[in-house]
Amino acid sequence: MAVTGWLESLRTAEKTALLQDGRRKVHYLFPDGKEMAEEYDEKSGELLVRKWRVKSALGALGQWQIEVGEPALPGAGSLGPEFIKENNANPIFMRKDTKMNFQWRIRNLPYPKDVYSVCVDHKERCIVVRTTNKKYYKKFSIPDLDRHQLPLDESSLSFAHANCTLIISYQKPKEILVAEAELQKELKKVKTAHSSDGDWTSNIKSLSRKGRHES
């Protein structure tokens with residue numbers, strides 16, 4: 001029921017689609033005012049970006065919070081090259097999924113693979129990463145499983161290490177694969193505009209109004 005409930009909320013959300021720079025970009029507006037934006041590779045259909053934005057108690061739009069995709073470097077344009085270089089030496093956490101797996105990459109971790117421990121914390125419903133040398137610790141949830149109210153399975157979790165990057169994979173449950181396939185069918189029904197503009201989310205309201213006017 002949870003999977004159906006989340007899929008139904010996506011179906012009923014107000015959606016606007018845009019084809020830009022080889023990516024199919026979809027904006028969702030939910031009844032509670034929350035927004036979600038996704039970007040898919042036009043050819044492969046692979047999810048490249050998912051981010052969320054909510055309004056404050058006073059109705060002001062907040063910053064986009066990235067769930068999937070490259071993290072934005074805060075204020076990078078106003079920082080000197082020395083600071084950016086130093087910041088880039090710190091571990092960088094990001095999520096980059098594949099068709100069959102949720103996947104996270106943590107860059108700038110130079111330690112050998114046997115130093116890392118990656119496990120499931122069932123009580124807190126999260127994945128925990130730690131090193132035996134106590135140089136790195138992180139825990140993170142899988143929002144997709146939370147939205148679908150699915151349990152975490154330790155046997156679905158694996159990790160690898162190469163080029164100073166820890167790659168953590170979690171095999172998608174069949175319920176997720178079915179839901180993702182159903183969503184793609186639903187998105188094919190959404191009329192898609194074309195644009196070469198840079199920041200598509202800043203123009204989403206005008207695109208949405210245009211879509212309603214033409215429908």
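Since this is a predicted model, take the numbers as computed values, not measurements.
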_Please enumerate all residues that pass side-chain hydrogen bond (donor to acceptor under 3.5 Å, both in side chains) together with D41, with sequence neighbours excluded._
S44
*Give the cluster check for M36 versus L187: same hydrophobic cluster or not, with ILVMFWY residues linked at side-chain heavy-atom distances below 4.5 Å.*
yes
*Should side-chain heavy atoms under 4.5 Å link Ile, Leu, Val, Met, Phe, Trp and Tyr, which residues sit in the same cluster as L177?*
M100
*Y136 pairs by side-chain contact (heavy atoms from CB on, under 4.5 Å) with which of V115, L166, L109?*
L109
_Pairs meeting criterion salt bridge (Lys or Arg N to Asp or Glu O under 4.0 Å) with involvement of residues 160-174, two or more places apart_ = K172-E180
*Exercise: identify the closest heavy-atom pair between L145 and P151*: CD1-O, 4.1 Å
*Can you list the residues that meet the side-chain contact (heavy atoms from CB on, under 4.5 Å) rule with K34, with sequence neighbours excluded?*
F30, D32, W52, V54
*Report the residues that fulfil salt bridge (charged side-chain N to carboxylate O under 4.0 Å, His left out) with D144, sequence neighbours left out, ordered by chain and then residue number.*
R50, R95, R147
*asked:* Tell me every residue that passes ring pair (Phe, Tyr, Trp, His ring centres under 6.0 Å) with Y28, counting only those two or more places apart in sequence or in another chain.
replied: none
*Looking at residues at least two apart in the chain, or sitting in another chain, which of them share a side-chain hydrogen bond (donor to acceptor under 3.5 Å, both in side chains) with E124?*
K139
*Sequence neighbours excluded, which residues qualify as ring pair (Phe, Tyr, Trp, His ring centres under 6.0 Å) partners of F140?*
F93, W104
*Apart from V128 itself, which Ile, Leu, Val, Met, Phe, Trp or Tyr residues share its cluster (side-chain heavy atoms under 4.5 Å, direct or through members)?*
Y137
*Does the K15 side chain pair with the main chain of A13, one donor and one acceptor, at a distance under 3.5 Å?*
yes
*Quick one: do E70 and K96 make a salt bridge, cutoff under 4.0 Å?*
no
_Could you check whether any side-chain N or O of E154 sits under 3.5 Å from a backbone N or O of V120, counting only pairs where one atom can act as donor and the other as acceptor?_
yes
_F159 six-ring face occupied by K113 cation (under 6.0 Å, within 45°)_ = yes
*Do W64 and I66 belong to the same hydrophobic cluster, where Ile, Leu, Val, Met, Phe, Trp and Tyr are linked whenever their side-chain heavy atoms lie under 4.5 Å apart, directly or via other members?*
no
*Give the minimum heavy-atom separation between L48 and R23, together with the two atoms involved.*
CD1-NE, 3.5 Å
*Only counting residues at least two apart or in another chain, list the ones meeting side-chain hydrogen bond (donor to acceptor under 3.5 Å, both in side chains) with T12.*
none
*Looking at residues at least two apart in the chain, or sitting in another chain, which of them share a side-chain hydrogen bond (donor to acceptor under 3.5 Å, both in side chains) with D121?*
none
*asked:* Keeping N133 on the side-chain end and K135 on the backbone end, is there a donor-acceptor pair under 3.5 Å?
replied: yes
*Provide the closest heavy-atom pair for L18 versus T192 in the form atom of the first, atom of the second, distance.*
C-CG2, 3.8 Å
*Which pairs, with at least one residue in residues 160-191 and sequence neighbours excluded, count as a ring-ring contact (aromatic ring centres under 6.0 Å, His included)?*
Y116-H161
